[in-house]
Engineer: 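Would you mind keeping the following structure in view while I ask a few things?
Keep in mind that this is a model prediction, so the values were computed, not measured.
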Number of protein chains: 2
Amino acid sequence: MMDVKQYLLKKKKVIDEALDCFLPQPDVYPCSIHQAMRYSVMGTGKRFRPILTVATFELLGGEGDGDILRAACALELIHTYSLIHDDLPCMDDDAWRRGKPTLHKAFDESIAVLAGDALSALAFELLASTGRSDIIHEVAKAIGAQGMVGGQVVDIETEGKPFSSKDVEYIHSQKTGALITVAARIGAILAGAGIQELTSVTRFGKDLGLAFQIVDDILNLEGETDTLGKSTGTDEKKKKATYPALFGLEHSRLEAQRFIEKAKKELDMLGTSAYILKALADFVIQRTR
Amino acid sequence: MMDVKQYLLKKKKVIDEALDCFLPQPDVYPCSIHQAMRYSVMGTGKRFRPILTVATFELLGGEGDGDILRAACALELIHTYSLIHDDLPCMDDDAWRRGKPTLHKAFDESIAVLAGDALSALAFELLASTGRSDIIHEVAKAIGAQGMVGGQVVDIETEGKPFSSKDVEYIHSQKTGALITVAARIGAILAGAGIQELTSVTRFGKDLGLAFQIVDDILNLEGETDTLGKSTGTDEKKKKATYPALFGLEHSRLEAQRFIEKAKKELDMLGTSAYILKALADFVIQRTR
């Protein structure tokens with residue numbers, strides 16, 4: 001059995017190198033947009049989504065690393081674009097992200113909007129270069145008005161208003177869960193997974209995504225800005241619809257743990273080699289950033 | 001010979017109906033984002049880009065209307081998303097568009113950012129449903145940091161500063177020209193065009209795109225807000241890098257006409273049936289909105 005920590009570090013390095021290669025160089029005209037894209041993408045990101053894609057691909061016997069790396073990096077670009085737009089003054093108005101000032105603070109607001117747009121376009125360019133329109137369809141659907149963007153809409157609209165567990169579940173499953181689920185699915189699809197494997201991986205991704213966002217909520221409440229690399233206490237201040245706000249910290253922790261256990265159970269049919277994905281699930285609950 | 005005006009009206013109707021069909025219904029949860037998407041897309045748009053795609057497709061013998069309509073509508077969604085983001089307070093800060101208040105005025109700024117993002121995602125979903133990753137690659141490249149977004153970056157950055165004809169050409173060819181060129185190319189590609197036809201159509205699209213933006217600049221300077229459906233005089237006020245600002249109105253008019261004649265000449269090799277595309281080019285120079 002491979003050392004999981006070593007595996008994740010190795011994959012992170014591969015992803016970081018690939019991102020560096022796929023992003024336009026900072027001295028290419030118009031320079032400011034390329035510098036802004038690099039500012040937000042490169043650095044301290046955990047690369048959780050692309051590692052999930054690559055690990056799922058490898059678990060299911062996928063071979064070669066061209067298409068899978070392009071698809072995995074596309075998801076990291078989309079994740080970064082969503083963070084940039086979510087941080088804007090008209091949205092969450094956040095000043096700190098990935099251990100440094102948010103893009104609209106470091107550059108300006110117009111470049112932040114445009115860098116988000118450009119990262120999204122580059123993501124689809126990378127996805128298209130795999131030649132697989134089926135995975136492009138999956139990603140586009142997952143990040144649209146009834147996916148990631150829809151989750152962000154409800155997140156913004158419930159701010160400061162009474163909300164139900166249904167609202168929180170919608171926000172979590174769409175804003176965060178949709179992209180994490182599709183990250184796992186794309187790894188499986190590119191590995192040529194069968195329908196049963198794909199179903200397991202999809203269920204795994206959904207539970208993992210929910211747990212990921214519950215932990216995000218918990219860390220916003222009791223994490224350290226220095227470790228986390230972004231502002232804390234902001235959800236409470238803005239009266240955001242979160243798990244802890246609805247159920248309290250203790251119950252939220254238990255729920256996150258329950259989703260992780262459920263996620264790992266979904267992988268049982270994939271045999272013992274699923275241990276890396278299971279370790280990735282455990283990382284979600286243990287993470288401090 | 002078909003009556004060109006009738007042809008364009010008929011195609012506009014088909015595009016409008018297809019857009020209505022592709023956009024989520026306004027009562028689908030989360031309703032606000034779907035209402036915002038429809039607010040900006042439906043209504044008085046000229047549908048210039050999708051009509052260009054369909055007309056090029058038909059000129060080159062393309063048959064069937066499923067894929068071509070999806071691709072054509074995707075381009076209209078992308079065009080609309082770019083207008084929404086360009087109109088934001090941190091960008092051009094425009095209050096009026098397509099004969100009504102801009103989206104961030106009618107709804108709010110956060111919904112405007114998110115509706116733009118959602119329209120972009122829906123565009124790629126439609127493109128992906130054609131199963132043609134080659135056209136997705138073309139579109140993604142055309143609208144990215146070295147295409148449409150790059151043009152908007154330079155447009156914003158040159159505002160109020162000295163600029164050269166090189167700046168204006170870059171802005172025009174990227175901000176407007178890139179999407180118009182790709183609109184023509186996609187029609188040709190989906191029709192199964194050969195390399196020579198594709199080269200002609202590409203050159204046609206480039207010249208057409210330049211002329212289109214020069215006319216846009218002229219209309220901003222001397223058009224009527226009521227007819228145009230958007231604010232006028234804004235470029236001069238903001239000291240934007242435009243053709244008239246650099247060369248004066250008269251020379252700009254001549255340049256637009258020159259690009260249109262050049263564009264039409266590119267179509268000569270395609271025979272007499274190119275008359276509809278040539279009429280579309282004439283429309284660009286004659287338009288009042």
Engineer: Closest heavy-atom contact between A:E109 and B:E109?
Structural biologist: OE2-OE2, 4.0 Å

Engineer: Between B:I111 and chain A, with a heavy-atom cut-off of 4.5 Å, which part of the residue counts as in contact: side chain, backbone, both or neither?
Structural biologist: side chain

Engineer: Could you have a look at A:Q146, A:Q152, A:M148 and say which one has the most heavy-atom pairs with chain B under 4.5 angstrom?
Structural biologist: A:Q146

Engineer: With a 4.5 angstrom heavy-atom cut-off, is it the side chain or the backbone of A:I156 that approaches chain B, or both, or neither?
Structural biologist: side chain

Engineer: Need one label for A:V154: side chain, backbone, both or neither, based on atoms under 4.5 Å from any heavy atom in chain B.
Structural biologist: side chain

Engineer: Less than 4.5 Å to any heavy atom of chain B: does that hold for the side chain of A:S129, its backbone, both, or neither?
Structural biologist: both

Engineer: In terms of heavy-atom contacts, does NZ of A:K105 have more than 12 from other residues, nucleotides or ligands at under 6.0 Å?
Structural biologist: no

Engineer: What residues of residues 77-89 of chain B make heavy-atom contacts with chain A at a cutoff under 4.5 angstrom?
Structural biologist: B:Y81, B:H85, B:L88

Engineer: How close do A:M37 and B:A145 get, counting heavy atoms only, and between which atoms?
Structural biologist: SD-CB, 3.8 Å

Engineer: What distance separates A:S110 OG from B:D155 CG, expressed to the nearest 0.5 Å?
Structural biologist: 10.5 Å

Engineer: Under a 4.5 Å cutoff for heavy-atom pairs, which residue among A:I136, A:D117, A:D108, A:V153 has the most contacts with chain B?
Structural biologist: A:D117

Engineer: So with a 6.0 Å cut-off around NZ of A:K240, is the heavy-atom count from everything else above 12?
Structural biologist: yes

Engineer: If you count heavy-atom pairs under 4.5 Å with chain A, which of B:G144, B:A118, B:A112 comes out on top?
Structural biologist: B:A118

Engineer: For A:E157, which atoms come within 4.5 Å of any heavy atom of chain B: side chain, backbone, both, or neither?
Structural biologist: side chain

Engineer: What parts of residues 26-35 of chain B touch chain A if we use heavy atoms and a cut-off under 4.5 Å?
Structural biologist: B:V28, B:Y29, B:P30, B:S32, B:I33, B:H34

